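Just so we're clear, the structure is a prediction, and the values are computed from it rather than from any experiment. Note that ligands are numbered from 1 as they come in the structure, with each ligand's atoms numbered from 1 the same way.
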Amino acid sequence: MTLAIIIMAAGKGTRMKSTRPKVLHTLAGQPLLGHVLHTAATLNAQHTTVVTGHGAEAVETCVAGINGAARCVRQMPQLGTGHAVQQAVPILPDTGTALILNGDVPLIAARTAQALVQACAGQHLALLTIELQDASGYGRILRNAAGVITGIVEHKDASEEQRRIREVYTGVMAAPTAWLKGAVMNLRNDNAQGEYYLTDVVAQAVADGLKVTSAQAPSETEVLGVNSPAQLADLERRHQLQQAQALMEAGVRLNDPARLDVRGRLTCGTDVEIDVNCIFEGTVHLADGVRVGAHCVIADALIGEGAVIHPYTHIDGAGQPVQVGPRSLVGPYARLRPGAQLGAEVHIGNFVEVKNSQLADGAKANHLAYLGDSTVGQWVNFGDGSITANDDGAHKHRTVIEHDAHVGSNCVLVAPVTVGAGATIGAGSTIGKNAPAGQLTVARAKQVSLSGWVRPTKEKKAP
Ligand code: UD1
Ligand code: CA
C-alpha cells in the first residue's frame with residue numbers, strides 16, 4: 001500500500017531563543033530533522049514531504065543533503081499544524097496511508113511508526129498516544145465512557161477537568177490519505193491560539209464515522225519533543241544513555257555510562273573498555289581488546305585489536321579515516337589527524353601530532369614531535385622534539401624515513417627528503433639533503449668554548 005510521510009518542520013521554535021531554525025539544532029551531532037528523515041527513510045514510503053517555513057532555505061538544504069528524494073513544501077505564514085498539513089496534501093496520491101511526523105520529535109523509532117501505519121491499515125485514523133506524569137502543554141486525548149476516542153483538546157483550550165487527563169497526543173498520526181485531504185481543508189481556527197489545529201481532524205473522523213484507534217508509544221523518550229534548550233539537553237542525555245546501554249549489552253565496559261557521547265556510529269569488538277568522558281564522532285570501530293582512556297575525542301577511525309588510546313588523545317580522521325594498528329599505544333595527549341595510518345605496535349606518545357603519514361609496524365615517536373606527509377618505515381625511532389618541515393609555504397612535500405632509521409632529538413627534516421634505512425641522524429640536525437642508509441649524519445654547528453669570554457654585567461638591585 002502507498003505510504004506518504006509528512007514531516008512538519010515549519011515552526012519557529014520561539015522557546016529555543018535562537019536564530020537557528022529549531023529543527024536544525026543538533027542531537028547526538030545530527031540535526032533533529034535529520035534523525036526524523038533517517039527514520040522515515042527506513043519505512044519504505046513512496047512519498048516523503050517536509051513542510052518548511054521558518055528558516056526554510058536552511059531547512060531545505062538540510063533535507064536535500066539527507067534525502068534527495070524528499071520534497072519540501074513551504075508554509076508561509078505558519079498558521080498551525082493543520083495549516084501545515086494543508087500545504088502538503090495537494091501533492092499526495094489519493095490512495096494509501098499518510099503518516100505525520102514532527103521535525104522536533106527526533107527519537108521516534110521506526111517500529112513504533114510502522115505499528116501506527118498498521119493500526120491505520122489505510123482506513124482508520126490512528127493516533128500515537130502516551131500517558132505522562134506531567135501532561136501540561138500537550139493535547140489531551142478525550143474518550144467517552146466506553147473508552148472510544150472522541151477528540152483531542154489542546155492544553156490551552158482544555159477545561160480544568162480535561163487538564164487532569166494524563167493520556168496525550170504525541171503529534172504522530174496515520175490516516176487514510178484521501179480522507180485526510182478533505183479533513184484538513186475543513187479545519188477552522190476558532191480556538192485559544194487562533195491556529196488551524198491538525199488535532200481537530202479527530203473530531204471530524206468521529207463525525208464522518210471513521211474509526212479512531214490509538215497505539216501507545218513504548219517509551220517517553222521516543223515521543224518527547226524539543227521546544228527549549230533544557231528539553232534538548234534532557235533528550236540528548238536520554239539518547240546517550242540508551243546508546244551506552246546498548247554498548248554495555250554488547251559487552252563493552254564503560255566506566256560510567258552517564259559520561260559517554262556517541263555522535264555517529266560506534267562499533268566495538270569484545271573486551272573493549274572505555275573510560276569516562278570520551279566522545280566518538282562519525283564512524284568509529286574499536287576492535288577486540290581496545291582500551292580508551294579518559295577524555296578522548298575520536299572521530300572517523302579504525303582502532304586495531306588490543307590498541308591502547310591513553311587519556312586526552314584527539315583522533316580526527318575527517319575525510320580520510322585514521323587507522324591505528326593492533327597493539328599500538330597512542331597518547332596521552334596525542335593528536336592523529338586525517339590520513340594518519342599506524343601499523344602494528346606503533347607508539348605515539350605525548351604531544352605528538354601525525355597527519356597524512358604512514359607509520360610501519362613498530363615505529364615510535366614518543367615525545368613532542370610532528371610527522372606530516374611522511375612515510376615512516378618499520379622500527380624507526382623518531383626522536384623527541386623532532387619535526388618534518390613538510391610545507392614550503394605553498395606546497396606540501398613528503399618525507400621518507402626508511403626502516404630502522406633513528407632520528408635524534410630536536411631534528412628538522414626539510415621535505416622533500418629521504419633518510420635511508422638504518423641511518424642515524426644526530427640530535428639537533430637540520431636535514432635538507434638525503435641522508436644515506438646506515439651512516440651517521442649530523443648537520444649542526446660545531447660546539448665551541450671561548451675561555452677568555454666575560455659575561456656582561458649590570459648592577460644587581462636588592463629584591
Ligand atoms: C502539537 C499538538 C499537540 C501535541 C504536541 C505533541 C497540535 C495543534 N497540537 O502541539 O496536541 O500534544 O504537538 O508534541 O497539533 N509546525 C508547522 N507549522 C505550524 C506550526 C507547527 O510546521 O504552523 C510544526 C512545528 O515545526 C513542529 C510541529 O509542527 O515540528 C508541532 O508544532 P508545535 O507548535 O510544537 O505543536 P505543539 O504545541 O507542541
Ligand atoms: Ca512541540
Side-chain angles (χ1 to χ4, degrees), residues 5-16 18 20-25 27 31-37 40 49-56 58-60 62-63 72-89 100-108 125 127-132 134-142 149 151-158 162-163 165-173 175 180 183-184 187-204 214 217 220-228 231-232 235:
I5 296 176
I6 301 170
I7 302 172
M8 295 188 291
K12 185 156 188 275
T14 313
R15 280 184 283 160
M16 289 302 292
S18 166
R20 193 192 300 180
K22 177 167 75 175
V23 295
L24 297 187
H25 283 274
L27 180 111
L32 299 175
L33 181 58
H35 288 272
V36 183
L37 283 165
T49 307
V50 182
V51 183
T52 64
H54 186 76
V59 175
E60 286 162 11
C62 166
V63 173
C72 294
V73 293
R74 287 202 186 176
Q75 182 199 15
M76 298 285 192
Q78 295 92 44
L79 303 178
T81 52
H83 181 249
V85 175
Q86 281 176 7
Q87 315 310 306
V89 290
I100 296 171
L101 301 173
N102 274 303
D104 66 350
V105 181
L107 297 181
I108 178 96
L125 175 59
L127 307 175
L128 187 67
T129 73
I130 192 166
E131 299 225 354
L132 293 180
D134 176 10
S136 63
Y138 287 90
R140 308 299 205 283
I141 303 292
L142 306 179
I149 296 174
I152 297 177
V153 61
E154 287 304 301
H155 181 93
K156 285 187 179 149
D157 299 281
Q162 288 169 331
R163 286 185 184 181
I165 298 171
R166 295 257 195 81
E167 188 186 10
V168 305
Y169 171 55
T170 60
V172 180
M173 69 166 68
L180 185 69
V184 290
L187 294 172
R188 304 215 321 256
N189 66 348
D190 48 351
N191 51 52
Q193 302 184 79
E195 287 183 2
Y196 295 91
Y197 291 163
L198 177 63
T199 44
D200 286 347
V201 301
V202 179
Q204 269 197 64
S214 67
E220 204 177 286
T221 305
E222 273 192 45
V223 296
L224 283 177
V226 172
N227 299 296
S228 65
Q231 286 176 347
L232 180 59
L235 207 55

Under 4.0 Å from any heavy atom of [X], which atoms of ligand 1 are there?
X: Ala9; answer: 22 (O), 26 (O)
X: Asn102; answer: 27 (C), 28 (C), 29 (O), 30 (O), 31 (C)
X: Ala84; answer: 17 (C), 18 (N), 22 (O)
X: Gly103; answer: 30 (O)
X: Tyr138; answer: 6 (C), 12 (O), 14 (O)

[X] vs [Y] side-chain heavy atoms within contact, under 4.5 Å:
X: Asp104; Y: Asn227; result: yes
X: Leu32; Y: Leu232; result: yes
X: Val223; Y: Leu128; result: yes
X: Leu224; Y: Gln231; result: no
X: Arg140; Y: Arg163; result: yes
X: Leu107; Y: Leu27; result: yes

Selected option - heavy-atom contact closest to atom 32 (O) of ligand 1, from Asp157, Asn191, Ile130, Thr81: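 Among Asp157, Asn191, Ile130, Thr81, the closest heavy atom to atom 32 (O) of ligand 1 comes from Thr81.
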
Quick test of your reading of the structure: of Gly80, Ala10, Gly11, whose heavy atom lies closest to atom 19 (C) of ligand 1?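 Residue with the shortest heavy-atom distance to the ligand atom: Gly80.
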
Tell me whether Ile152 has any N or O atom under 3.5 angstrom from an N or O of ligand 1.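 Not met; the criterion fails.
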
Gly139, any N or O under 3.5 Å of ligand 1 N or O: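 So ligand 1 has an N or O lying under 3.5 Å from an N or O of Gly139.
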
Report yes or no: does a heavy atom of Leu79 sit under 4.0 Å from some atom of ligand 1?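 Within the 4.0 Å threshold, so yes.
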
Does His83 come within less than 4.0 Å of ligand 1, judged by its heavy atoms?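 His83 does not count as a contact of ligand 1 under the 4.0 Å cut-off.
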
Just heavy atoms, cut-off under 4.0 Å: does [X] contact ligand 1 by side chain, backbone, both, or neither?
X: Glu154; value: side chain
X: Thr170; value: backbone
X: Glu195; value: neither

Step by step, would you call His83 with Gln75 a side-chain hydrogen bond (donor to acceptor under 3.5 Å, both in side chains)? CA-CA 8 Å; His83 181 249; Gln75 182 199 15; 2.8 Å; yes

Output, in order, the C-alpha distance, side-chain angles, deciding distance and verdict of side-chain contact (heavy atoms from CB on, under 4.5 Å) for Ile152 and Tyr197. CA-CA 10 Å; Ile152 297 177; Tyr197 291 163; over 6 Å; no

Ser214 versus Thr129, closest heavy-atom pair with distance: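 The pair with the smallest heavy-atom distance is CB-CG2, 4.0 Å.
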
